[in-house]
Participant: 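Take this structure first; my questions come after.
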2 protein chains.
Amino acid sequence: MATMKDVAREAGVALGSVSRVINHAPGVKQKTIDKVNAAIKKLNYVPDEYARGLKVKSSKTVALILPSIWNLFFAEFAYYVEKYLAEKNYKLLLCNYSNNPKAEQHYIKMAKQNKIDAIICITYDDLDKYFYAGIPLVSIDRYFEQKISYVTSENYEGGRLAAEELLKHGVKHPAFIGTYNHNPSDVMKRHKGFAEYLSEQGYEFADVYLLEPVTKEEEETELFKLLDKNPEVDGIFCNTDSLLLDVKNWLAQREISVPEQIQLIGYDGIKPDFNSELGISTIRQPLPEMAKCAVEMVIEKVEQHRDEQRIERFPVSYIEGNTTKNI
Amino acid sequence: MATMKDVAREAGVALGSVSRVINHAPGVKQKTIDKVNAAIKKLNYVPDEYARGLKVKSSKTVALILPSIWNLFFAEFAYYVEKYLAEKNYKLLLCNYSNNPKAEQHYIKMAKQNKIDAIICITYDDLDKYFYAGIPLVSIDRYFEQKISYVTSENYEGGRLAAEELLKHGVKHPAFIGTYNHNPSDVMKRHKGFAEYLSEQGYEFADVYLLEPVTKEEEETELFKLLDKNPEVDGIFCNTDSLLLDVKNWLAQREISVPEQIQLIGYDGIKPDFNSELGISTIRQPLPEMAKCAVEMVIEKVEQHRDEQRIERFPVSYIEGNTTKNI
DNA sequence: CTGAAAGCGCTTACAG
DNA sequence: CTGAAAGCGCTTACAG
């Protein structure tokens, strides 16, 4: 493969000049630019990012660290992150966090080894490790201790909206199901918003709010405990769409019909892909915009060496599906 | 950050010796190894992959090129590919193929620039470009012109199985819906297997088999044309689970009930995540095994410079869900 | 078994 | 505006 030296020889200029035209350095004569570009074309030259990276200590790569790409919410997010990163000429290294226990360790080491420029990270575990590795970081949904920047949705408003829609659809005995982590996260505001709206309207609600880690079986058990104790429940706000899907299956197994007997509203707005719908009723987060924002924030940190904390919250909207009744 | 030179100084050995112990070169005295390792620990040294990559022309990275990670089938596949790659100390660069039209071009250039060791590729468009870029390649579902290795499922058997299950579930008037690409792919055998099984059993079937590219709207239109012409249809084999989900929504809009009026069987076995189920009836591909095989094939090509064509087909199984009737 | 040295392909002061 | 040169942090023959 042709190297920069070959290009220089072909163009009849010095090595440095080739480098300058490639990097669009200011103050290069047009004639030189033309000669170099002609030589590049002729030799089909493409610069070696590794040699470049060795000098400039950057790889134009950001690592996306998440529990698992195998999840429609994360998959859509990753899709857009990659898309916006590619537009800015950055690459995406995919890191499935939850594969192995020592994964954090592994990925931090990798980040150092490979001159990862930055990290976009979705984890409800401790972020300190990344943070202290000195690599620019933006997180999703995380809380604001230790000045980590993050992007999230209007979780509090989303919780209120879910409650409001449930009531609007005729629910008289609402319930909540979801989990939370001991690390504070913005996501917890969904529960708060839900609770506060209902109390303002003079409603009580049955509550299954479990501290992680928690298995599916436990969630199922708790749901049915709740239903046994509160057989009048006729509407449930599920903290995520994933959970809604599970709840729907569990209810189906006991022959409880959705939405006739119990109406369900989820959170996230997941879709099977770009142009399909799951058809569930849910509070949709504007994922494309959120991904774009995360990319911009992280690139700003990298290129402008800014490291103050920034928090962006995006508005949510209600999507009517078939897990609520027609009004 | 500490460099190899620092480690050498700290350990009181030459640069080359440090390199040798890091790379587990044979014939290094145990005492040297110990000294070096101690220095590495002490200085918290981690080797720079870029300097290494510059010398050895490898990055321990494979690019996963696919239409879109935003798709449960691809997301699960990517999840396992990353997992197995990580086990072998390789990294995964994620490339969403369908973002932009000139993406192929872009990703090939990137591959060259970044010393991508290999490509795992899911695309039903032309693969020539990757192939001729001289980078080891394994594909999914692709056909065997030009000696490209691939892994796929027993598509023919899967098609037969779908037909068999439909009949077993009492379907009298089966139909097929799906699309195909002008590039021959193993996936087309699903249609063939389906057709042949039915004809062996003395059944006819209504067929919507469309050449891509095709929009959702066209698929929907064709489906209803078929249903108008063949109102007796009571069971449909959908070429993919994604499509099944759409078909289900379309039928719901016309108040055709599934599975009471029409039973549906899909193909793929997609799940929302590791421990949830969508609850649809489908022909499941063993994705973890397929991903593992793809990773092994590609690493074998890289490390053993093998480039003969290899084809692996994995057996499928029927998963009973709620889009077919209980028998 | 291990030093000393060359070189991978770039970038970037430093002269001029 | 552009050459010539040093150097980024490694690996790997080559001696010894």
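In the text below, chain A, chain B and the rest are named by the order of the sequence lines, each starting its count at 1.
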Participant: Less than 3.5 Å apart, which donor and acceptor atoms pair up between the side chains of residues 25-36 of chain A and the rest of the protein, not counting sequence neighbours?
Facilitator:
{"residue": "A:Q30", "atom": "NE2", "partner": "A:D34", "partner atom": "OD1", "Å": "2.9"}

Participant: Which residues satisfy the salt bridge (charged side-chain N to carboxylate O under 4.0 Å, His left out) test with B:E300, sequence neighbours excluded?
Facilitator: B:R306, B:R310
Participant: Would you please confirm or rule out a distance under 4.0 Å between OP1 or OP2 of C:dG9 and any side-chain N or O of B:K57?
Facilitator: yes
Participant: If only side-chain N and O atoms count, and only distance matters, is there a donor-acceptor pair under 3.5 Å linking B:D186 with B:Y150?
Facilitator: yes
Participant: In this structure, how many angstroms lie between the P atom of D:dC1 and the CD1 atom of A:I33, rounded?
Facilitator: 10 Å
Participant: Would you sketch DNA chain D in dot-bracket for me? Only Watson-Crick or G-U wobble pairs with both distances under 3.5 Å count, crossing pairs as [ ], other-strand pairs as |, the rest as dots.
Facilitator: |||.||||||||.|||
Participant: Quick one: B:D6 CG to D:dC8 P, roughly how many Å, whole number?
Facilitator: 11 Å
Participant: Produce a footprint string for nucleotides 10-16 of chain D: one letter per nucleotide, 5' end first; B if the base is under 4.0 Å from any protein heavy atom, S if only the sugar-phosphate is, - if neither.
Facilitator: BBBB---
Participant: Side chains of A:S68 and A:N96: is there a donor and an acceptor less than 3.5 Å apart?
Facilitator: no
Participant: Let's see if you can work this out: which of D:dG9, C:dG3, D:dT2 has an atom nearest to the side-chain heavy atoms of A:K29?
Facilitator: D:dT2
Participant: Would you be so kind as to tabulate the donor-acceptor pairs closer than 3.5 Å made by side chains of residues 285-298 of chain A, with sequence neighbours excluded?
Facilitator:
{"residue": "A:Q285", "atom": "OE1", "partner": "A:S153", "partner atom": "OG", "Å": "3.1"}
{"residue": "A:Q285", "atom": "NE2", "partner": "A:D268", "partner atom": "OD1", "Å": "2.9"}

Participant: Just to confirm, is there a sub-4.0 Å distance from OP1 or OP2 of C:dC1 to any side-chain nitrogen or oxygen of B:T32?
Facilitator: no
Participant: State whether B:K42 and B:E10 are salt-bridged, where the test is any N-O pair (Lys NZ or Arg NE/NH1/NH2 against Asp/Glu carboxylate O) under 4.0 Å.
Facilitator: yes
Participant: Can you list the residues that meet the ring-ring contact (aromatic ring centres under 6.0 Å, His included) rule with B:Y50, with sequence neighbours excluded?
Facilitator: A:Y50
Participant: Hydrogens and angles aside, do B:S185 and B:D141 bring a side-chain donor and acceptor to less than 3.5 Å of each other?
Facilitator: no
